[in-house]
Amino acid sequence: MTDAVRGEPPVEMIGVNKWFGAFHVLKDIDLRVREGERIVVCGPSGSGKSTMIRCINQLERHQEGTIRVHGRAYGRDLRENDAIRREIGMVFQSFNLFPHLSVLDNCTFALTWVKHLPKKEAEDRAMEMLTRVRIPEQAGKYPLQLSGGQQQRVAIARALCAQPKIMLFDEPTSSLDPEMINEVLDAMVELAESGMTMIVVTHEMGFARKVADRVIFMDQGEIVEEAPPAQFFDAPRFDRTRLFLSQVL
Amino acid sequence: MALLDSPAPAGSGARLMAVLNNATVRSVVYQALTLACVVLLFWYLISNTIENMSQRGMSAGFDFLGVSAGFGIGFTLIPYREGDTYLRVFMVGIANTMLVAVVAIVLSTVLGLIVGLARLSNNWVIRNVARWYIEVLRNTPLLLQIIAWYFGVFTLLPRPRDSIGWVDSIFLNNRGLYLPAPVIADGFGTVLAAAVLGLAGAFAWARFARKERENSGRIRPVVLPVLALLVLPPLLATLLAGAPVSWDMPQLRGFNFVGGLNIPPSFCALIIALSIYTSCFIGENVRSGVQSVSRGQTEAARALGVPPGRTMRSIILPQALRVIIPPLISQYLNVTKNSSLAIAIGFPDLVSVWMNTSLNQSGRAIPIVAMTMGFYCLVSLAVSLAMNRYNRSILIRER
């Protein structure tokens, strides 16, 4: 299976449109993500950037257009959709850890109930991922006993446990205190260096400059500009981009 | 007192104010005043009651409990004859009340869970049927509903000879519901042993399934095998041992049924009204509980590829229970206390046989009221104690 799809882009969006009621959130989105590419999506709030990445794992359904993940398109087949979704890990702005399960159980939950791994193997993998985000010592604690930065790193470890091929980040540092932002960004930089395909919605322009292969600027539901970071930050082509950059930098 | 002795240059008025403004003095004075009020009130009530009762030649003692009550009770869970003592009447009342409470609590919880989840359904028809069920039934008085079920449904059923029957063994008429009653015969021990074995097997299977999941990751079905292990062994034993349990069938003789198990119409009406009425409140508790769990939880589970049923069972419900349990405790207490409305349709619960019949007949108001209140308090406290303990065990650890 994986051989058959090799060469297909990890994520491909073609003519994607979405409406919330009468509100047109996504307008003719075309996006092709290459293997191992790191994409940063930015734009003012309400520009549709979160909705776009939520469409990629179908937390939101799009109404028009095609979204393919490694060549497989989302459709009406719910099982196929689930199978496609399992290729993708997601990290949320508000962490969304399961508060009634320990950190370790948060990480092993999907391994037990989705991948059907033995407990020992699941826990080994969870510890490996927790070590990767540098909090193995917190495995026995409960999410609400941790700081925001630690919780978000657990969320990254939890997503990595399922061994996704693509990682989505929806404003992962937006609800963190300033002093905790870096520990999460460090974990993300490390992940990027390991060659993971990443799509990151964020306002951290420093991260974009350092890590991104391509920066995408969205406004009012459209992709306005996409360019490598150097060009994007130093020589933006559009006025809307320039205005936005002048506000956030 | 050091305050009073300390050299105060000001006059006696200022010194008094200093004492009155002292925090210790104030707290002692207020506590003493409150205590005095409470003691006085009780002393007044008790002395007044004793005075009034002695004037009328009434006694507050419990000696009447050993005296024969001498009246019949239409429906008793525990054996009772007309000549039995008042104490026995009290026991019969408690047993009947507990029966109503337990049956109504179980039924209302099951119904409530269904209605509550139906209220959250994506299906328009299911959602709205559940909504109107709740809105209509919880906004009309319970007493009205009990009376409606009794006089509007159960007493209007056909006479025994025109009973509504199912497969010649279950009959419904205006004298109540008639069911086949099990009669235990020789060889029942085999059935019992099979049932115990089945129970042990069910536990073993659940354990095995968990171990299997932990060791090899394989997910085995649990609910159906456990149900089968609980039901099949006693059933097979019954067949093999040559029917050690026989059934006493209700049969029409003359104007009425004989044999079988008779459930009076008042009990049916009371249980149905109580269960349905309470299920509305429990349904709303369930709904608010499920809605209190943030959407992010469902999304996180979905992003991990967890199936919806597993998400509901392992992620949503455990968190929703924290919100559902406290109001559920009050609903269970309400069911127990509301069961006393049985008196309106003549079902012999504790209030009916004890607070009404026994009190009128013996005139011992004080001990009878005290015993009744004591019983309801005890049950309520026991229920809330048990539920609070359970609630504490499922709290989320935050510190």
Side-chain angles (χ1 to χ4, degrees), chain A residues 53-54 56-60 78-79 81-103 105-123 140-146 155 158-164 167-168 170 175, chain B residues 121-123 206-223 286 289-326 390-399:
Chain A
I53 72 162
R54 287 160 62 86
I56 294 173
N57 70 350
Q58 292 287 288
L59 285 182
E60 303 281 358
L78 298 174
R79 294 202 122 195
N81 288 354
D82 270 346
I84 302 173
R85 186 182 280 141
R86 286 184 196 131
E87 305 272 291
I88 306 170
M90 183 155 186
V91 174
F92 299 87
Q93 177 178 351
S94 49
F95 325 139
N96 294 346
L97 293 175
F98 306 132
H100 61 301
L101 300 179
S102 71
V103 164
D105 290 343
N106 263 278
C107 293
T108 57
F109 189 79
L111 296 178
T112 304
W113 295 108
V114 181
K115 309 255 163 171
H116 304 321
L117 285 193
K119 189 179 180 188
K120 175 84 176 53
E121 218 171 292
E123 286 182 351
K141 286 204 185 161
Y142 284 81
L144 297 180
Q145 297 172 315
L146 305 182
R158 177 176 71 173
L160 289 178
C161 275
Q163 296 179 320
M167 282 286 287
L168 307 176
D170 188 2
S175 52
Chain B
S121 166
N122 287 326
N123 183 312
R207 213 182 123 83
F208 167 73
R210 206 189 62 230
K211 286 269 171 239
E212 216 11 29
R213 195 181 73 225
E214 288 177 358
N215 293 335
S216 76
R218 210 169 140 188
I219 309 277
R220 300 216 178 244
V222 173
V223 178
V286 169
V290 170
Q291 282 181 329
S292 75
V293 180
S294 97
R295 268 181 59 84
Q297 294 287 305
T298 320
E299 288 183 349
R302 194 131 62 97
L304 288 167
V306 180
R310 175 52 54 192
T311 306
M312 186 46 105
R313 263 193 286 172
S314 298
I315 303 294
I316 308 298
L317 278 183
Q319 296 184 60
L321 277 182
R322 290 174 303 133
V323 179
I324 297 174
I325 298 280
Y390 174 68
N391 200 25
R392 211 168 310 131
S393 74
I394 59 167
L395 269 191
I396 285 176
R397 304 242 307 261
E398 295 200 25
R399 296 258 162 314

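Per chain, numbering begins at 1; letters A, B, ... match sequence-line order. Worth saying up front: this structure is predicted, and the values here are computed from it rather than measured. Worth knowing before you read on, the calculation uses all heavy atoms, side chains too, and leaves out hydrogens, waters and symmetry mates.
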At a 4.5 Å cut-off on heavy atoms, which part of [X] comes close to chain B: side chain, backbone, both, or neither?
X: Asn57(A); value: side chain
X: Glu121(A); value: neither
X: Arg54(A); value: side chain
X: Arg86(A); value: side chain
X: Leu168(A); value: neither
X: Phe95(A); value: neither
X: Leu117(A); value: backbone
X: Phe98(A); value: both

Residue pairs involving residues 107-117 of chain A (criterion side chain to side chain donor-acceptor pair (under 3.5 Å); sequence neighbours excluded)
none
Over all atoms of both residues, closest heavy-atom pair of Phe92(A) and Ala300(B):
CE1-CA, 3.7 Å
Smallest heavy-atom separation, Ala303(B) atom then Leu59(A) atom, equals N-CD2, 4.5 Å
Sorted by chain and residue number, the salt bridge (charged side-chain N to carboxylate O under 4.0 Å, His left out) partners of Lys120(A) (sequence neighbours excluded) come out as Asp124(A)
How many angstroms lie between atom CG of Asn96(A) and atom CD1 of Ile315(B), to the nearest 0.5 angstrom?
11.0 Å
Heavy-atom pairs under 4.5 Å with chain A: which of Ile219(B), Thr298(B), Val293(B) has the most?
Ile219(B)
Partner chain A: residue of Ala301(B), Ser216(B), Pro318(B) with the largest heavy-atom pair count (under 4.5 Å):
Ser216(B)
Are the side chains of His100(A) and Arg322(B) in touch, meaning some heavy atoms are under 4.5 Å apart?
no
Evaluate the side-chain proximity of Glu299(B) to Met90(A): yes if any heavy-atom separation is below 4.5 Å, no if none is.
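Met90(A) vs Glu299(B): side chains apart.
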